Structures are given as C-alpha cells and as structure tokens.
Amino acid sequence: MIRIEPREATSRTFSVGVPVLSALISLAFAAIPLLAAGANPITAYGEMFKGVFGSVFAVTEMLTRATPLIFTGLAAALAFRAKLWNIGGEGQLYLGAMAAVAIGSGLLDISGILLIPIIIVLGAAAGAAGMAAPTYLKVRFGADEVVTTLLLNFIILIFVQMMLEGPLQDPMGLGWPQSAPVLDQGMLPPLMDRMRVHSGLILALVLAGLAQFMLARSVWGFKLRAVGENAAAARHAGINVNRSLFGVALISGGFAGLAGVSEVAGLKGYLTADLSPGFGYTGIVVAMLAGLSPIGVVIAALFIASVFVGADGMSRAMGVSSFLADLVVSVSLLCVLVGGFIAKYRIVRSGKAGATT
Amino acid sequence: MAENTVLKLSGLSKRFGSVVANDDVSLTLVKGEVLALLGENGAGKTTLMNMLFGHYLPDAGTVEVADANGVLHALPLGHPQAALAAGIGMVHQHFALAENINALDNITLGSEPLRSLKRNRAAARAKIDGIIERSGLKAPLDVPVGQLSVGERQRVEILKALYRDARILVLDEPTAVLTPQEADTLFSNIRSMITDGLSVIFISHKLREVLEFSDRIAVLRHGRKVGEMATTDADEAKIARMMVGADTPKVARQEMSPGAPVLSLKNVSVSGRSQRETLDNVSLTVNANEILGVAGISGNGQAGLAQLIAGLVQPSSGTIAVDDEDIPKPTPSRMVQAGVGRIPEDRHHEGIVGAMSVAENMVIERLDDPDIQSLGLLRREAIADNAVKLAQAYDVRGPGVDASARLLSGGNIQKLILARVFERAPRLILANQPTRGLDMGAAATVGRRLLEARARGAGIVLISEDLDEILGLADRIAVIRDGHLTEAPTNNREQIGLMMAGAAA
C-alpha cells in the first residue's frame, strides 16, 4: 500500500533541484518524438544549443525573446504570491502596447528623454488598469478573477483589432490593420549595433531585482506574503488585505503592460493584433517554473526563450518541427508541478500491518 | 477475567511522518465496564481509537474483538466495515449526521440491505424504540436532525451505533459540546446501557467526569500508555501527574479590586452569517485589573463577540468604546492601536502565517512601528533581535526564529502569540479559547500570563468553553446564549450550567 505523507520541511536542495531536474527530464522526454521523427536526439540538442549559444546573434535573439517573458513572468509571479490569479497578462500586454503606440506615434512629439519615460509609465498604467477592474470585481462582489481576467484577454484583443482598423490605424499603412509606428525618439535604444536586443531587457532585469528586494525586505512585500500565505491571519493582524490585493494587482498588470511597451517600442515599432504569440500565458509558465521568485523568473524566462529560439535553429538545421519547443516547455512545467508535490509530500510504501516504516 | 474480555489491543503503533502518534499501546476492555481514555491533546487518544475503528492502518500491532459468544477473533485492520460488523460503534466529536433527514432515517442509514426494494420502517422503529426504552436515550425520531439540539444529536449518534448491534461503544470527547446537565444525563444513560451488556470507552480530558463516571482509567502520554488504574484508586492529582509526567503548576490568583472600565459595549448587535457570529443587544463592561469570563456552549455567539472585539466585524447597532474612547468603525489595526491584544480562537488559521518565519510573525501586528521599519523597509536586525528576546522571555521553543512558524508545536505557537500580544502591554486582552488543545503545562502558562496582565492593570475578556478554566481565572462571569449575554454568579457551577442551557436563570 502506498500512502502520501506531508514532509515537515522542504529542503533547499529541493527548491533548486526540482526545476533543474525538471528541465533535464523534459529534454529526455522530448527525445522520444525526436527519435520518432528520425532525428538523432544528441545531434538535435547540439543544433538546439548552437541555435541559442552558437553566435552573438543567436544569444541576442534569445535575450530578445526572453525580455517580454521576464515582464509577463513577473506579472504572474507577484500576483500569484498574493494568491491573486492574474491569467490576464496577455490582455494587459496589449493594453500596454496600445497605450505605447497611442502616445508614441505622434500624439506627443517631444524629445526622447521625456517621451520614453512617458510611454513606459502610461503603458504600465494601462496594463495596471486592465488588472484593477477584475480585482475590484473580486473584492467587491467575489467574482472569480481567474474567469474575469481570462475572458478579458479576448475582449481586449478584439478591442485592439477594432482600434487597429479604426482610430489607431496607420494612415500610411495601405489599409493593413496595423498602427502608425512609434516615433524614432520614442523607441527604446538597442543594446548592440545591428542586433534586435534592446534596452527593455535592462528595464526587465532591474525591475526583477527590485521586485526580489521589495518582496523580501519591504513592509509592502511582508504584507503581500502574509496575505498570500494566510489572508485570515493577515486580516486579523491588521493588514488591509484588500489594499494589498489592489497594490499587487496594479503592479502585476503594470508589469504585463510593460511587456507590451517593450515589444512595441523596443522591437516591432508598431502594433498589430499578432504582436504577442501568447507571452502573457507563457509568463504564467515562467512564473510557475520560477517557483514565483522574481530572480527565478529571469532564469526561467531565459530557459524558455532558449528552448524556443533553439528549437527554431534545430528545425532549420534538421527539418524537425519546432513545435518540439512547446513539448519541452510543457513537460518541464509538469515536472516542476510534480516536483513541487514531492517537495511537500513524501510517498511512503507501507507493508501489511506489522511492518514499521 | 480473560473470558470476559471483549476487546484486546496489542502493541499498536502509528507514525505520521516523524511524529509518533501511538507507540506500542496495549489495552483491554472487559464486558460491561466504562473505560476512560485520558491524555492531553496530542497524546494519541483519537489516533488509537481511529485504528480500532479502521480509519487508520496501524504500522504495527493487532486488535482482537470478542464475538457474541465471548471468543476473541483478530479484527482485519484498516476496514471500518469489519469493525462495524464486529460490533464496534464509534461516536465522533463531530457528528456524522445528515441534517435534512429525520433521526429514524439517520439511524437506519447505511445498515439497510441495498438490494431490497422495500424498507421495513416499522421493524426499524420497533427496534429503535426498544433501544430507547432500555437505554433511556430519548430523541425525537421524526424531526429533521437539523432541528435537534446538540445533546439530542449525540443521542441519535449513539442510537445509530446501538442499532447496528454495537457491543463496544467508543465516545470521542462526548461532553465537549454538552452542558453539565446534559453530560450528567449522558452518563446515566451509559450506566443503563452497561447493564444491557455494552462496554464503553470514552475519551476525555476532563478529570472530574472521568473520576465520577468511569470504572477504569487508562492514561496516554506522548503516544504511550503510561498508566492504568481502577477509578476507585484514582484522584485528580494522581491522574494529572500521570498525564503530564509531573505535578501541574497551580495558578495562584490574588484578589484585586477592579479599576476604570477599559471596554464598554452598549447595546451592541452584530448580524453574523450564522448563530455563532451573531450578537443581540449586548451590553458589557470590563474594568482594569479584572478578568471577565464568558461561558457558554459552543456556537452561541462567542465568535461574534470575539470578532467584534478583534475588530473583524462592525456592529450593526450600538457603540463600542476602549478606554472610554468610542471606536465608531472598528478594524483590526484600529483595535490594536487602541491597545487591544487579541488571542484568536484558531491559532493556526488566524494567529500565525505558517509559511512565514517566527520572527516575522512576532512583528506582524506592528508593521507601522519605526522600530520595525524605516521608510517602508523592514529593519531585519531589529526584527531578529526582537524575536530572540521574545522567544527567550516567553519560552518559545522550536527550530529557531528564522524557521517557518508552522514548524512549531501548538503550545509554542500559542506562546508566540502570547509574546506578540503581551509584549505590547495591552490595556484590554481578548483571549478566545486560549488553552484549547494545549497540554497542561502550556495551559498553565497561559493562565499565569493572563493573571500577570490583570495584575499589571489590563482588563481581560476570557471566552472559554471550559467552565473549570473560567471558574479558576475569572473575577466575573457572563453566560452567552443565543447571542445574549447575561451576568452569572461566580461560584455556582449548577446555575451557570442551567443558564448555558437556556433554562431560567
């Protein structure tokens, strides 16, 4: 008979070992379809590695891909720490992107030193507003934020499409549903010549560090952790639970909004309705892989970006479908979830009565 | 004696993780006796009975039960159905009754053949009437169980066990929810069932009823059986010594004259979601240097009173004043600022954030304090120093102040809360069930701390379902019943019991 018992304490080895092991197991699993496709997994993974680390260009591409994932990962991680289930990162990303092109594409024609901060702040504010509404419904009426934030994603996306064929449509765009480009001085400066990696990455890293610091060291972070771990005790102790939830909702939505700003004003230059290939949802995976730690989010975002960019490289070199990347990411997430369970509980095999464990 | 043995537990052991709940416990039960199983909370009483009943699978040991002819047979372990078939009936502390159907159906539920299309209710009723006749366990059979009193529901539970021809009845803390009068009735019913050939094990930690009603006493401590004796050879001191392994410290209480009022409630009503959270036009004054004991049966508005004083609910009418200062919109932080220290009823759920450290839990109520934070950043050294100091002063033991608070034992969690509350020298202390679930040593510490706070000049509201605790600590006693609060005499257990039951005061 197999029983499950809770562990008294989760060791540090587990909190680091589980994600690392999960990543390795997922690569091992992915070898099966690779074999089925007639590819040698070792060579395939070699190509994958080359596709990420084989050249300076490859590395910068990976970093470019990781940038929005750090933002959306932070958005999910912080909200989830407070047990506020923000599934609406995708929609908030588009709100941020929309704010960025609305302001940056000519509404304000001012110097970049002013324009860039304004775009960043208002983009974050738009994302924050997108999370404030579901949080208000949750606090006031008990509406489940999983449902409201998820459904808002679709509403916002359709709204974006409407705007792109209406007020935000580029008059020079030959009727394509895309926005006017962000002014040159409003674009986030690139980090390297002729590479796509841009200073949005620096912003993401700084904010991740700041989030890590505030979570551990500030009264705000203290309250957030208390509300997330035991809202009843936090309330009893005099912490204003609703205020904490609103605070983290605004920050979470703001981070997701920044992902949109960063993609529009750092990379693409203009907004289309296919700006994000699901960065908002992938951010949730990033946050879970990271164990909801902001620094972990950076590492997990780099991992997932590597898998996706590497799989593209592998696909080009070997003719294997790059959908393999989705498989690797999904299996690693499953492994982390199972690993998290094993870290909290132990599985005991107990024999018939008479045997002692 | 051997041929009269109806139940024999041999060498039962059970571990949960690294916690040893039962270690090599052996116990026999003789036909027609009442065995009291005593021990502090966490001593392993309930675990032992759950193994007997098949809810838990023991790691080691055997259970033998006598059949109708008195011959012992090994009981297959881990199968409640086998235990039922062998004639073991168990009445849990929390009843397992369907509230929307009547007592008769509750009693017969589960013991009717599944394949028969017709229910023989007349035969069932006749059988139950016979049991009621012999045992005296009176309960209305045709009313939905939801409308019955707690005492009646308990009788239905016992009837359910007897209906299944139980020859061994296990009662887990049967009097925890009863008034003293109801408890007396229960035990006299048990007496008449015994003459009918039943054997009873009852779990308790109330020494008084154990001495009065049992034939034999077995004491568990830390999962082991530490003693067994005939009740005629026992006295309170002897049992208490056995339960805690040492003499219990007596709480010395000096007479004091009450000072100025620190809490006044005037015609306060609270409309809660249930009866336990509802208060109806309550007026109350607690003075400095005074402990007000609030007695009552569980669920009569204690939670509402506690939430009100803790700042968790707003009164729907009436006024609440601390130290003569009206608090129009109480919130938890507002009450803490006004000098109210709160010891919550459910210390795991409301008292601590288990995933956070002991040190963090010790400052969770004073995050605005400049000693704890400056400019919104936590002063980590100050927090650590504070924790080390408090842990020492209040004897909080565990894996250290940086460890998660959930790793502490129940008693140490309560000491952590006491440290947090008492360190701020509160004017008013709300102590809601402060010793529930604690061992005697930790409970004595709580009592001593409350008396110290009283001597310092604090006013204390002590809400407890343990009448002995209230009689031992309180200067004044109020009884809460259906959300009403009535002042009661401090020395008349009988009359307090009647008031708790809602009889004329």
Side-chain angles (χ1 to χ4, degrees), chain A residues 1-12 15 80-83 142 210 212-244 247 291-292 343-357, chain B residues 11-19 51 57-63 74 76-78 307 310-312 331-337 342 344 346-356 360-361 363-368 372-380 383 399 403-407 420:
Chain A
M1 187 169 158
I2 291 173
R3 288 173 300 124
I4 291 159
E5 291 184 348
R7 289 178 196 275
E8 304 78 59
T10 301
S11 71
R12 222 182 165 74
S15 51
F80 288 10
R81 275 304 263 282
K83 296 238 157 62
L210 189 65
Q212 181 81 19
F213 177 81
M214 293 299 277
L215 207 49
R217 305 287 289 271
S218 72
V219 173
W220 173 81
F222 185 115
K223 290 178 176 173
L224 179 69
R225 285 181 287 138
V227 166
E229 296 291 350
N230 185 345
R235 190 162 115 79
H236 186 271
I239 293 172
N240 189 330
V241 174
N242 288 351
R243 188 184 298 169
S244 272
L292 307 188
K344 280 206 190 84
Y345 300 92
R346 78 173 99 234
I347 294 169
V348 184
R349 291 188 60 171
S350 70
K352 301 155 276 296
T356 37
T357 43
Chain B
L12 284 176
S13 294
K14 179 72 186 172
R15 290 166 47 119
F16 296 102
S18 64
V19 180
M51 284 195 284
L57 187 67
D59 295 329
T62 58
V63 176
L77 295 169
Q307 286 173 355
L312 289 165
T331 62
S333 59
R334 184 79 190 76
M335 294 310 265
V336 171
Q337 278 163 17
R342 295 108 15 99
D346 186 340
R347 64 186 75 100
H348 295 273
H349 187 58
E350 286 199 309
I352 60 158
V353 180
M356 293 174 76
E360 288 177 315
N361 274 286
V363 297
I364 193 168
E365 288 186 352
R366 44 188 290 216
L367 292 174
D368 296 333
I372 295 309
Q373 55 102 10
S374 56
L375 302 171
L377 293 183
L378 299 167
R379 300 178 56 176
R380 301 210 295 177
I383 292 172
S404 300
R406 73 155 65 92
L407 298 177
R420 183 170 81 198

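Side chains are part of it too, since the values below use all heavy atoms of this structure and drop only hydrogens, waters and symmetry mates. In what follows, chains carry the letters A, B, and so on, assigned in the order in which the sequence lines appear, proteins first and then strands, with residues in each chain numbered from 1. Quantities reported herein were computed from a predicted structural model and do not represent experimental measurements.
To the nearest 0.5 angstrom, A/Leu224 atom CG is 6.0 Å from A/Leu215 atom CG. Separation of atoms CZ (B/Arg420) and CD (B/Glu365) is listed at 4.5 Å; rounding is to 0.5 Å. With rounding to the nearest 0.5 Å, the separation of CG in B/Leu77 from CE in B/Met51 is 9.0 Å. The CD atom of B/Glu350 sits 12.0 Å away from the CD1 atom of B/Ile352 when rounded to the nearest 0.5 Å.
Looking at A/Ala216, only its backbone comes within 4.5 Å of chain B, counting heavy atoms on both sides. Within the 4.5 angstrom heavy-atom criterion, only side-chain atoms of B/Arg380, from C-beta onward, approach chain A.
Per-residue counts of heavy-atom pairs under 4.5 Å with chain B were compared for A/Ala234, A/Gly228, A/Gly238; the largest is that of A/Gly238. Contact count against chain A (heavy-atom pairs under 4.5 Å) is highest for B/Pro344 among B/Pro344, B/Gly351, B/Ala310.
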